[in-house]
Amino acid sequence: MKIGDTVPNLELKDQNGEEFRFEDLKGHKPFIVYFYPKDFTPGCTKEACSFRDSYEEFKDLGAEVIGISADSPKSHAKFVKRYNLPYIFLSDINKKAREAFGVKPNLLGLLPGRETFIFDKEGKLLHKFNSMNAKRHMPEALSVLKKNQN
């Protein structure tokens, strides 16, 4: 995905096993989509909790946060419950979202990539950020969102 591209029209299952469509967010609110390697791993837990701890700031900006990994909806539900995560988690078991967003693996292809995408309320990509450093994603997303508030 390049800056200015529109969010792919995908359907994925959320942590409750319900169908989620990116199409449904377009025209309503800006949103952050972050891809991470795996539920319950130290870096991914830190990243999820940093978005949790700042979720009210995202909501105050009218934005939604969405985390995506290849874990099952059942794993996501446990992850959400254990860490009290208030936002949407999507299951990308067949990696169709990773492919559509162009998220590349890291560490010589051994780990699924960690990448964050920030979209405006029309579903246009404002910014993308790729780093295996889990602590950098939430502040970057919040900063870009604040800069693009109109």
Side-chain angles (χ1 to χ4, degrees), residues 1-8 10 12-16 20 22 25 28-150:
M1 289 197 78
K2 297 183 301 298
I3 302 305
D5 284 355
T6 302
V7 67
L10 295 169
L12 298 170
K13 295 236 185 270
D14 69 13
Q15 69 264 33
N16 303 312
F20 175 91
F22 288 102
L25 287 178
H28 298 288
K29 55 173 75 176
F31 52 98
I32 289 82
V33 176
Y34 77 92
F35 286 85
Y36 64 100
K38 188 143 185 57
D39 290 346
F40 299 105
T41 56
C44 298
T45 299
K46 249 183 227 137
E47 183 177 20
C49 290
S50 74
F51 276 103
R52 174 200 65 202
D53 295 346
S54 295
Y55 187 61
E56 286 304 315
E57 282 186 80
F58 286 100
K59 278 180 53 184
D60 289 347
L61 294 167
E64 186 53 77
V65 175
I66 301 161
I68 301 180
S69 78
D71 294 295
S72 69
K74 195 177 270 187
S75 175
H76 283 334
K78 289 178 187 167
F79 192 50
V80 162
K81 188 173 183 187
R82 163 126 11 117
Y83 296 103
N84 196 23
L85 303 168
Y87 51 91
I88 300 164
F89 281 83
L90 299 178
S91 181
D92 188 30
I93 292 170
N94 61 13
K95 299 182 177 60
K96 67 181 179 181
R98 269 184 193 281
E99 202 172 285
F101 280 78
V103 178
K104 305 278 185 265
N106 285 336
L107 291 179
L108 307 173
L110 299 175
L111 271 183
R114 183 184 305 279
E115 196 161 350
T116 297
F117 298 81
I118 298 97
F119 293 91
D120 69 11
K121 73 179 203 170
E122 300 310 320
K124 294 241 181 293
L125 183 62
L126 297 171
H127 184 75
K128 65 181 186 173
F129 178 70
N130 185 335
S131 171
M132 283 312 280
N133 183 340
K135 291 187 301 204
R136 294 180 56 199
H137 287 262
M138 186 285 299
E140 179 95 2
L142 198 54
S143 164
V144 168
L145 211 53
K146 284 178 178 175
K147 270 189 240 159
N148 285 281
Q149 278 302 100
N150 308 359

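Computed from a predicted structure; not experimentally measured.
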Nearest heavy atoms of Lys29 and Ala63, plus distance in Å: CD-C, 4.4 Å

Side chain to side chain contact (heavy atoms under 4.5 Å, CB included) assessment of Ile118 paired with Phe129: CA-CA 9 Å; Ile118 298 97; Phe129 178 70; 5.5 Å; no

Nearest-0.5 Å distance, CG of residue Leu145 to CG of residue Asp120: 10.0 Å

Least distance between heavy atoms, Gly67 atom then Tyr36 atom: C-CE2, 3.9 Å

Spacing of Leu85 atom CG and Cys49 atom SG [to the nearest 0.5 Å]: 5.5 Å

Contact check, side chains of Phe101 and Glu115, non-hydrogen atoms, under 4.5 Å: no

Gap between atom OG of Ser143 and atom NE2 of His127 - 0.5 Å precision: 8.0 Å

Geometric class of the Phe51/Phe58 ring pair [parallel <30°, tilted 30-60°, perpendicular >60°]: tilted

Smallest separation among heavy atoms of Asp92 and Ala97, with atom names: OD1-N, 2.9 Å

side-chain hydrogen bond (donor to acceptor under 3.5 Å, both in side chains) partners for Lys128, two or more places apart: none

Parallel, tilted or perpendicular: rings of Phe89 and Tyr34 (30°, 60°): perpendicular

Check: Ser72 and Lys13 side chains under 4.5 Å, non-hydrogen atoms: no

Pair Asp14-His76, side-chain donor/acceptor within less than 3.5 Å: no

Criterion side chain to side chain contact (heavy atoms under 4.5 Å, CB included) on Phe79 and Gln15, from CA distance to verdict: CA-CA 9 Å; Phe79 192 50; Gln15 69 264 33; over 6 Å; no

For the student: nearest non-hydrogen atoms of Phe22 and Pro8, plus distance: CB-O, 3.7 Å

Glu122: partners by salt bridge (charged side-chain N to carboxylate O under 4.0 Å, His left out), with sequence neighbours left out: none

Euclidean distance, Lys135 NZ relative to Glu47 CD, rounded to 0.5 Å: 12.5 Å

Short side-chain to backbone donor-acceptor contact, Arg136 and Ser131, under 3.5 Å: no

Asp39/Lys78 under side chain to side chain contact (heavy atoms under 4.5 Å, CB included): CA gap, chis, key distance, verdict: CA-CA 9 Å; Asp39 290 346; Lys78 289 178 187 167; over 6 Å; no

Spacing of Lys59 atom NZ and Ser54 atom OG [to the nearest 0.5 Å]: 13.5 Å

Chi angles and distances behind the side chain to side chain contact (heavy atoms under 4.5 Å, CB included) call for Tyr87, Ile32: CA-CA 11 Å; Tyr87 51 91; Ile32 289 82; over 6 Å; no

Main-chain N/O of Asp71 paired with Ser69 side-chain donor or acceptor, under 3.5 Å: yes

Which atom of Lys124 lies closest to which atom of Gly4, heavy atoms considered: CD-O, 3.3 Å

Any donor-acceptor pair under 3.5 Å from Asn130 side chain to Gly113 backbone: no

Pairwise side-chain contact, Leu61 with Lys146, heavy-atom cut-off 4.5 Å (strictly under): yes

Salt bridge (Lys or Arg N to Asp or Glu O under 4.0 Å) assessment of Lys96 paired with Glu99: CA-CA 5 Å; Lys96 67 181 179 181; Glu99 202 172 285; over 6 Å; no

Non-hydrogen atoms of Ala100 and Leu10 that approach each other most closely: CB-CD1, 3.9 Å

Inter-residue atom distance Phe35.CZ - Leu90.CG, 0.5 Å rounding: 8.5 Å

